[in-house]
Amino acid sequence: MSGQIIEESNSSETKELEQKQDKQKEQDEDADEELRKLLLPDVQTLPSTPPSAVESNFAIYFVLDFMKPRHDQYVYRHANGLCVIGLAPSHVAFNDEGGITAIDFNVGKSDRSGVKVTGKRKKNAQHFESNTALCKVSTKNDSYIVRCCVKGSLLEVNQQLIKQPELLNASADREGYIAIIMPKPADWLKIKPSLVSLEEYKKLREVS
Amino acid sequence: MVRQDGYQFDSFSLEVSIPPLILQNEASLWSYMQSKYGSEPWFREKIHTGCVSIKDALKFSLINPLEKLLDCKSSLCPFRIRLTYTHTKASEGVAKCSDNGGSCKRRKTGESDSIGEGTLSSSVEDESFDFSKLFPKSENEPCNFSYNCSRTPFYFGGRYLKYSRNVSQTRWIIDDERMGEASVEEIIGIKVLQACGGDNYKFHAAGREDIDVRMLGPGRPFILEVQNTRLVPTEQFANDIEKMINKEENKLVRVNNLKLVGSDGWNLMREGEGEKQKQYAALVWTSRPLKDEDFQQVSSLKDLKVAQRTPIRVLHRRSPLEREKIIHWMKMETVAGSSQYFLLHLCTQAGTYIKEFVHGDLGRTHPSIGSILGCRAEILQLDVTDIKMECFLT
């Protein structure tokens with residue numbers, strides 16, 4: 001007799017517990033549903049080709065004929081002042097058959113790929129002028145010096161290029177960047193007038 | 001006097017600060033007695049049973065009248081009344097103390113802020129200094145008296161959600177211009193401050209998100225410290241403030257589970273902050289249409305190791321390092337009407353830069369979604385969908 005009563009009271013307890021769990025599950029599902037609604041975008045508002053990370057986060061400049069004809073380079077300047085330097089698509093090196101085959105950072109007085117910059121204050125960073133050599137890129141028959149274009153501290157060079165110089169041929173504007181330089185605000189203001197915008201670059205070099 | 005400021009309290013804790021000169025006199029008198037009567041048995045007994053210092057005697061005599069005046073009991077509690085007695089004549093002992101080489105340590109006592117008092121009380125323990133040499137001189141000038149009252153800080157804990165992509169977590173001002181239209185800390189802090197009449201607030205959160213990233217799901221844990229409140233906040237009070245913040249028309253920020261927390265709140269929040277996993281949803285575009293195999297490939301990657309060099313966007317203020325982070329799992333969800341846009345859900349180790357994992361940061365984050373899929377990938381929007389921490393969930 002008593003066994004029966006215990007069984008009954010157990011089942012009503014478990015029923016209560018189940019109801020509680022169901023209610024919690026419902027609440028969780030509602031929360032998930034609300035979250036999904038917030039996350040899903042309205043496709044109508046999305047552009048077919050969105051701006052790239054570089055276009056969204058950097059101001060894009062070009063320097064033409066830097067010290068030598070057709071030595072064109074780009075300077076991407078971030079809002080925080082850092083400048084990414086690289087070869088513009090119209091650089092003379094890309095005209096050579098086979099494109100760029102090798103890169104050497106050991107130019108000038110030191111191997112640029114060897115310097116270790118550390119800490120928030122960027123200790124050990126070398127201070128370079130705008131015409132200081134960054135590296136030498138070689139094609140089948142020729143080689144060209146790439147320079148800083150912007151006066152400042154050299155924070156890093158793209159080590160990936162040493163093992164994979166073909167990055168320069170495939171995506172010089174992204175993974176094939178050459179170096180990152182940190183100019184002082186005053187030095188940036190001095191150099192800026194000699195740089196051209198993307199629009200002007202397209203016109204001057206007749207690139208689409 | 002306390003009513004004027006509008007303090008609400010049901011008990012108070014009394015602190016008294018007396019001029020160094022009195023302490024010096026007391027010390028020299030004691031030292032004199034020690035040398036004269038040190039060997040006497042009645043003296044030794046007195047030391048044994050304990051003597052009341054001048055400061056304590058003053059406190060005892062003041063407590064009862066204050067209790068009657070304020071109509072409540074004195075006890076150890078957050079509401080403090082401080083009575084400060086100062087004297088224009090500086091203590092001679094202090095000057096001599098500081099000559100005493102380095103043996104006088106500046107001891108920080110909770111009650112006194114007068115440096116002279118602190119140095120003197122520590123030097124009283126320094127037996128090498130003979131106070132009996134400084135004889136108390138009779139003083140005719142009375143002391144100056146000032147008072148003030150304050151309350152120890154209260155702490156509110158909870159979780160916040162951020163629905164706006166134009167609101168920063170903390171106040172962000174560059175060249176006198178505010179970045180974004182508001183900040184989470186101000187939205188929550190100002191409301192709480194006004195409601196309980198505090199002097200100022202400090203906002204502490206478990207991690208942070210960019211201004212253009214929404215904080216969804218259960219929200220991010222935070223603690224708001226409010227100093228010198230005039231009213232005493234209660235649980236009900238916390239509930240009311242939460243409702244008030246969430247009722248705001250512009251719905252920029254939401255607060256959940258706001259309640260008063262004690263010192264354990266800090267431990268809950270800081271514990272394992274760096275280890276906790278975070279979950280995100282990113283709206284990603286790829287330069288080529290994706291197929292089922294791509295979706296499966298991404299889902300199959302578990303605990304993927306990613307090497308991230310310091311992103312260019314923070315490289316100006318952070319050390320140039322390569323940090324290894326783990327992407328625990330990923331799931332891609334199609335977006336109706338597009339073969340090149342999809343929602344990427346991912347769960348990562350704390351400290352992972354998600355935007356850079358998507359677009360690759362010029363190859364400085366490797367692997368990236370782009371490198372995994374063999375195409376270019378861009379991130380349009382990012383949302384935090386879960387912070388896997390145990391605190392402030394109810």
Side-chain angles (χ1 to χ4, degrees), chain A residues 28 31-32 34-58 76-84 86 115-125 153 155-156 158-161 164 167 170-178 180-182, chain B residues 161 163 174 179 212 214 216-218 256 279-287 309-322 333-345 355-356 358-366 368 370-371 376-383 385-386:
Chain A
D28 285 344
D32 282 344
E34 263 200 55
L35 182 59
R36 280 184 56 80
K37 282 199 211 138
L38 281 171
L39 294 177
L40 286 174
D42 180 5
V43 192
Q44 312 291 334
T45 58
L46 299 175
S48 57
T49 305
S52 70
V54 169
E55 286 161 358
S56 310
N57 299 313
F58 295 85
Y76 299 155
R77 179 171 161 90
H78 195 274
N80 62 23
L82 265 46
C83 295
V84 180
V115 184
K116 289 252 179 283
V117 176
T118 57
K120 287 185 195 172
R121 304 245 181 263
K122 315 298 182 274
K123 255 189 350 170
N124 298 341
S153 312
L155 294 192
E156 75 175 50
N158 188 356
Q159 305 273 357
Q160 285 293 106
L161 292 178
Q164 297 181 280
L167 284 172
S171 50
D173 62 335
R174 284 166 55 100
E175 284 80 12
Y177 78 95
I178 305 250
I180 301 180
I181 293 185
M182 187 166 73
Chain B
L161 276 72
Y163 294 114
I174 297 183
M179 308 300 284
D212 59 347
R214 292 186 300 185
L216 307 173
N256 286 341
Q279 204 169 307
Y280 302 86
L283 180 58
V284 178
W285 174 88
T286 48
S287 54
R309 300 185 74 178
T310 306
I312 298 178
R313 63 185 166 102
V314 298
L315 186 55
H316 64 296
R317 61 177 166 81
R318 289 200 75 185
S319 295
L321 291 172
E322 192 169 87
E333 188 184 330
T334 47
V335 168
S338 172
S339 60
Q340 285 178 251
Y341 278 106
F342 60 92
L343 263 182
L344 173 69
H345 298 273
K355 293 175 182 173
E356 277 70 16
V358 174
H359 62 61
D361 197 31
L362 303 182
R364 297 166 78 259
T365 285
H366 185 78
S368 65
S371 71
R376 189 162 67 96
E378 303 290 354
I379 181 169
L380 274 81
Q381 283 172 12
L382 181 61
D383 296 320
T385 51
D386 199 0

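Residue numbers start from 1 in every chain, and the chains themselves are labelled A, B, ... in the order their sequence lines are given, proteins ahead of strands. If you're wondering where the values come from, they're calculated on a predicted model, not measured in any experiment.
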Margin query: Would you say that more than 12 heavy atoms from the other residues, nucleotides or ligands in this model lie under 6.0 Å from the NE2 of His366(B), or not?
Written below: no
Would you say the side chain of [Y] lies within less than 4.5 Å of the side chain of [X], judging by non-hydrogen atoms?
X	Y	value
Ser52(A)	Arg376(B)	yes
Pro47(A)	Tyr341(B)	yes
Phe58(A)	Ile312(B)	yes

Checklist line | Largest heavy-atom contact set with chain A, pairs under 4.5 Å, which of Arg313(B), Lys355(B), Gln340(B), Arg318(B) | finding: Arg313(B)
Margin query: Between Arg364(B), Arg214(B), Gln381(B), who has the most heavy-atom pairs with chain A when the cutoff is under 4.5 Å?
Written below: Arg364(B)
For [X], is it the side chain, the backbone, both, or neither that has a heavy atom closer than 4.5 Å to a heavy atom of chain B?
X	value
Thr49(A)	both
Lys122(A)	side chain
Leu46(A)	both
Ile180(A)	side chain

What is the distance from atom [atom1] of [X] to atom [atom2] of [Y], rounded to the nearest 0.5 Å?
X	Y	atom1	atom2	answer
Gln159(A)	Glu322(B)	CD	CD	10.0 Å
Glu156(A)	Leu315(B)	CD	CG	6.0 Å
Ser371(B)	Glu175(A)	OG	CD	9.0 Å
Leu35(A)	Leu161(B)	CG	CG	9.5 Å

Margin query: Given heavy-atom pairs under 4.5 angstrom as the criterion, report whether the side chain, backbone, both or neither of Val358(B) touches chain A.
Written below: neither
Margin query: Does Leu362(B) form a side-chain contact (heavy atoms from CB on, under 4.5 Å) with Val54(A)? I'd like the steps, not just the answer.
Written below: CA-CA 9 Å; Leu362(B) 303 182; Val54(A) 169; 3.8 Å; yes
Next item on the list: Kindly give the heavy-atom pair with the smallest separation between Gly119(A) and Pro320(B), and that separation in Å.
Entry: O-CD, 3.5 Å
Item checked: Heavy-atom closest pair, residues Val43(A) and Ser338(B) -> CG1-CB, 4.2 Å
Margin query: side-chain contact (heavy atoms from CB on, under 4.5 Å) for Glu333(B) and Leu39(A)? Distances and angles first, verdict last.
Written below: CA-CA 11 Å; Glu333(B) 188 184 330; Leu39(A) 294 177; over 6 Å; no
Mind ranking [options] by heavy-atom pairs under 4.5 Å with chain B and telling me who comes out on top?
options	result
Leu167(A), Leu40(A), Asn80(A)	Asn80(A)
Pro41(A), Ala79(A), Ser171(A)	Pro41(A)
Asp32(A), Val84(A), Leu155(A), Leu38(A)	Leu38(A)

